[in-house]
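Worksheet: the structure to be examined is printed underneath.
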Amino acid sequence: MLGEIKRRIKIPLICDIYFDYKMALAAMDHPIDKIRINPGNIGGYDRYRQVIRKAKDKGLPMRIGVNAGSLERELVEKHGYPCPPAMVESALRYLELAEDEGYHDVIVSLKSSDVITAVEAYRLYAQYADYPTHIGITEAGKAPYAVTKSACGLAPILLDGIGDTIRISLLGDPVPEIAAAFDILQATQRRVRKPELIVCPTCGRLAIDLEAIIAQLEQRLGGRTTPVKISVLGCVVNGPGEAREADIGIAAGNGKGVIFRNGEIVKHVLEADMVDALMEEVELWEREHPNGKPAAPSHNGGRLKLPLVAQ
Ligand code: SF4
């Protein structure tokens with residue numbers, strides 16, 4: 001079955017195994033790309049070691065998925081409840097066992113449905129180890145609240161430079177999870193993959209039909225991966241200042257506007273020509289920046305930084 005799935009897909013096949021270590025061992029006899037287990041529910045250290053040894057033999061990477069909801073009972077008793085130190089202690093134990101086996105091809109997740117627990121767990125983990133992390137707020141619920149909740153939890157982690165892969169957990173259809181993940185990465189500037197529109201909320205001073213202009217602009221920018229910042233503001237109060245900060249900007253007046261490029265005025269346009277004029281500037285920017293902007297640094301491997309916290 002796994003071989004058949006692998007033949008039919010063009011993305012990596014990752015097996016997420018719960019409870020039964022024999023299923024994990026069996027999965028690795030098939031052409032999979034990665035395995036994910038929660039060592040806390042796989043039946044003890046010996047079984048975990050067997051999974052590690054096989055992953056090492058097969059050259060497969062593994063995600064060690066620690067979850068606040070399924071921590072080892074002794075750690076919950078020791079710490080009083082499934083708190084961030086208990087989650088991190090669990091992860092570090094399993095990393096030490098993996099290192100004992102000479103296996104380092106791991107990524108760690110420390111999931112919680114509670115934003116503060118997740119943020120504190122990832123921050124604490126980063127003090128002890130730099131194996132890469134998979135980040136997410138688990139069981140976030142139904143969009144749009146779940147997207148906001150995920151952004152609240154992931155933004156502090158991402159802005160600290162933590163996080164190498166990401167999952168947004170939304171009720172139902174998984175496809176919107178991808179757009180939400182890209183938006184969170186874009187907003188935190190960890191992975192800028194589309195133009196950024198800076199648009200005012202509008203108010204009584206508005207001097208153009210800003211919503212119509214933005215709708216046209218979004219349509220014409222759709223599918224572009226250019227990491228250009230475009231500011232579009234509806235009047236002369238904040239427009240010139242914001243436009244100067246962006247790569248390209250327009251400050252609108254009464255039915256007309258001024259286009260800025262890198263802070264300099266380059267053109268005066270009428271409202272009807274604004275979208276065309278901005279798109280010309282975007283195309284010029286793309287020609288001048290064929291490689292976009294420098295990417296955020298990527299992860300360069302992992303290790304335990306400090307010994308396991310005192311038992
Ligand atoms: S930029 Fe002008 S129109 Fe837009 S919200 Fe600010 S004051 Fe109002």
Side-chain angles (χ1 to χ4, degrees), residues 115 140 142-159 168 170 176 178-289 292-296:
V115 163
K142 187 169 179 290
Y145 177 69
V147 176
T148 307
K149 182 176 176 180
S150 296
C152 289
L154 296 182
I157 302 169
L158 289 164
L159 292 172
I168 308 300
L170 303 182
I178 297 165
F182 273 115
D183 281 350
I184 292 170
L185 292 171
Q186 171 103 9
T188 52
Q189 295 188 30
R190 287 295 302 272
R191 187 155 298 183
V192 179
R193 287 276 172 88
K194 63 180 180 182
E196 177 94 2
L197 279 176
I198 299 157
V199 185
C200 79
T202 77
C203 73
R205 295 197 189 93
L206 189 67
I208 53 170
D209 186 350
L210 191 58
E211 288 183 66
I213 288 171
I214 294 303
Q216 287 178 51
L217 209 47
E218 277 187 336
Q219 194 182 31
R220 292 185 54 182
L221 289 170
R224 272 187 150 81
T225 54
T226 321
V228 59
K229 248 185 201 177
I230 309 165
S231 147
V232 188
L233 282 97
C235 80
V236 292
V237 175
N238 293 324
E242 287 284 357
R244 281 200 170 91
E245 295 293 313
D247 298 308
I248 299 165
I250 189 158
N254 192 10
K256 53 193 178 188
V258 181
I259 301 233
F260 289 80
R261 187 194 315 145
N262 300 325
E264 303 290 330
I265 294 176
V266 291
K267 215 180 277 178
H268 291 261
V269 288
L270 295 173
E271 182 171 348
D273 302 323
M274 281 179 187
V275 175
D276 285 341
L278 282 169
M279 290 307 299
E280 277 172 26
E281 290 299 324
V282 169
E283 278 157 21
L284 179 62
W285 194 94
E286 285 173 341
R287 285 197 295 279
E288 288 176 350
H289 302 81
K293 289 176 182 167

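One-based numbering, in listed order, for ligands and for the atoms of each. What you see is a predicted model, and the numbers here were worked out from it, not measured in a lab.
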Which atom of [X] lies closest to which atom of [Y], heavy atoms considered:
X	Y	result
P227	V192	CB-CG1, 3.6 Å
F260	V266	C-CG2, 4.4 Å
I168	S150	CG2-OG, 3.8 Å

Which residues pass the side chain to side chain contact (heavy atoms under 4.5 Å, CB included) test with K256, sequence neighbours left out? L270
Taking atom 8 (Fe) of ligand 1 as the center, what protein N, O or S atoms are found at less than 2.8 Å? C203 SG
Side-chain donor-acceptor pairs of residues 193-210 under 3.5 Å, sequence neighbours excluded:
{"unit_1": "K194", "atom_1": "NZ", "unit_2": "D183", "atom_2": "OD1", "d": "2.7"}
{"unit_1": "E196", "atom_1": "OE1", "unit_2": "Q186", "atom_2": "NE2", "d": "3.0"}
{"unit_1": "D209", "atom_1": "OD1", "unit_2": "A212", "atom_2": "N", "d": "3.3"}

Can you pull the side-chain hydrogen bond (donor to acceptor under 3.5 Å, both in side chains) pairs that have at least one residue in residues 259-269, sequence neighbours excluded? R261-E281, K267-E280
